[in-house]
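Structure, as structure tokens:
The shown structure was predicted, so the numbers you read here are calculated from the model rather than taken from an experiment. Lettering follows sequence order; numbering is per chain, from 1.
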2 protein chains.
Amino acid sequence: MDAPTPASSSAPALTLERFLPYRLVALSARTSNALARIYAERFELTIPQWRVIATLGQSPVATARDIASHGMMHKSTVSRAVSALVARGLLRKEPNAHDMREEHLRLTDAGRRIYDSIVPEALAFEARLMTALDPQERRLFLAMIDKLDAQARSLAPDMEIEA
Amino acid sequence: MDAPTPASSSAPALTLERFLPYRLVALSARTSNALARIYAERFELTIPQWRVIATLGQSPVATARDIASHGMMHKSTVSRAVSALVARGLLRKEPNAHDMREEHLRLTDAGRRIYDSIVPEALAFEARLMTALDPQERRLFLAMIDKLDAQARSLAPDMEIEA
DNA sequence: CAGGATCAGTCTCACGCGCAACCAATTTAT
DNA sequence: ATAAATTGGTTGCGCGTGAGACTGATCCTG
């Protein structure tokens with residue numbers, strides 16, 4: 001790409017390189033792709049599958065609906081990821097006697113082993129990424145993400161997000 | 001979702017809410033979706049189409065390859081977006097006499113009008129989002145994104161990214 | 001100045017996704 | 001009590017995508 005030639009336009013300049021949504025997408029795509037290598041190539045997990053496992057690793061029992069909202073996924077995406085994981089023996093469905101519509105999901109031992117294998121690598125990756133910032137910056141950065149996320153929610157309140 | 005129950009696991013804790021890649025994806029998805037409403041619903045543009053237009057709004061002439069790398073898209077994605085935009089009369093292909101392999105792409109007047117309509121709205125959206133941060137924080141935040149992006153590149157150097 | 005590597009862009013294929021219709025269980029209203 | 005509305009989850013469908021093969025053009029190297 002050439003140097004950004006000013007467009008023959010009357011509109012105020014929109015320079016993607018300085019446009020926040022663009023920067024966010026770029027950074028998030030880069031880190032996600034790098035991280036995906038861990039669980040995709042080495043553990044044969046898709047992104048939704050990893051999100052299901054990550055959620056259940058953190059909260060041992062959850063319904064598909066919980067997982068969908070927590071992982072910002074469509075419920076059909078979760079449903080398919082769950083089916084695949086159950087078929088692989090990494091997840092178990094347990095009927096909920098109090099509400100037969102929902103099913104409680106739980107990692108099997110094999111599922112937890114995979115989770116336990118991925119977590120240290122994911123944390124190590126995060127740590128390597130974070131070396132770009134000093135400790136104070138890290139706190140600041142996460143705090144600012146929180147603020148921006150809250151603001152984004154308030155700007156599009158009714159939106160059910162998909163990643 | 002319930003309160004994060006500690007998992008019965010020996011692995012170090014991975015709490016998604018505090019995991020940087022997760023936070024980045026969440027924020028980036030939220031802002032992208034909100035922004036997409038502008039150009040998707042009101043101008044009937046897909047995300048790749050908007051990226052093509054945004055790039056050409058900024059650098060009036062570019063090849064498909066330029067646009068792909070600039071917008072972090074696969075070349076086939078760009079190819080299809082370009083075809084659709086040409087069909088709609090928003091883009092023009094011009095053969096390059098010096099290299100018959102590539103084609104120079106340029107917005108038509110209609111294309112530029114759409115670009116000029118979207119830009120102020122996109123900038124207004126960014127501004128509204130940015131109100132969550134004070135001016136100094138904004139500079140800091142963008143600088144930290146740059147640092148993290150550079151670090152992410154160095155951690156996965158050979159990776160050709162897709163958003 | 002040939003022949004092989006490289007490059008721009010298109011096209012086919014298979015797949016994963018979001019959507020929306022759907023089913024079954026449960027809650028609410030009448 | 002019963003019908004209507006709501007909710008959790010699944011499934012069929014259509015579409016857009018990424019991977020990668022392929023075509024034609026250009027460049028490199030001997």
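- Put simply, CH2 on Trp50(B) is 16 Å from P on dT17(D), counting in whole angstrom units.
- For Thr63(B), the side-chain atoms get nearest to dG9(C) when compared with the rest of dG9(C), dG18(C), dT10(D).
- Where Ile47(B) and Glu102(A) each meet DNA chain D at their nearest nucleotide, the meeting point lying more 5' is that of Glu102(A).
- Residue Lys93(A) has a polar side-chain atom (N or O) positioned under 4.0 Å from OP1 or OP2 of dT10(D).
- For residues 80-114 of chain B, the set of pairs meeting the ring pair (Phe, Tyr, Trp, His ring centres under 6.0 Å) definition, not counting sequence neighbours, is empty.
- The ring-ring contact (aromatic ring centres under 6.0 Å, His included) test applied to Phe125(B) returns no partner, not counting sequence neighbours.
- Between Arg80(B) and Ser76(A), the residue anchored closer to the 5' end of DNA chain C is Arg80(B), taking for each the nucleotide with the nearest heavy atom.
- At the phosphate of dT10(D), neither OP1 nor OP2 sits under 4.0 Å from any side-chain N or O atom of Ser83(A).
- Side-chain contact check for Tyr115(A) versus Val119(A): some heavy-atom pair is nearer than 4.5 Å.
- Residue His104(A) contributes atom NE2, which lies 16 Å from atom P of dA25(C) at whole-angstrom precision.
- Atom-to-atom, CE of Met72(A) to P of dC17(C) comes out at 14 Å; the value is rounded to the nearest Å.
- For Glu137(A), the salt bridge (charged side-chain N to carboxylate O under 4.0 Å, His left out) partners are Lys147(B), not counting sequence neighbours.
- Taking atom CG of Leu85(A) as the reference point, atom P of dG16(C) lies 13 Å away to the nearest angstrom.
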Reading nucleotides 21-29 of chain D 5' to 3', which nucleotides get B (base under 4.0 Å from a protein heavy atom), which S (sugar-phosphate only), which -?
---BBS---
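- Rounded to whole angstrom, the span from the CZ atom of Arg65(A) across to the P atom of dT6(D) amounts to 15 Å.
- Listed by first and then second residue, the ring pair (Phe, Tyr, Trp, His ring centres under 6.0 Å) pairs involving residues 44-63 of chain B are Tyr39(B)-Trp50(B) (not counting sequence neighbours).
- Note: CD (Glu94(B)) to P (dG9(C)) measures 13 Å, nearest angstrom.
- By the ring-ring contact (aromatic ring centres under 6.0 Å, His included) test, Phe141(A) is found to be paired with Phe141(B), residues two or more places apart in sequence or in another chain being considered.
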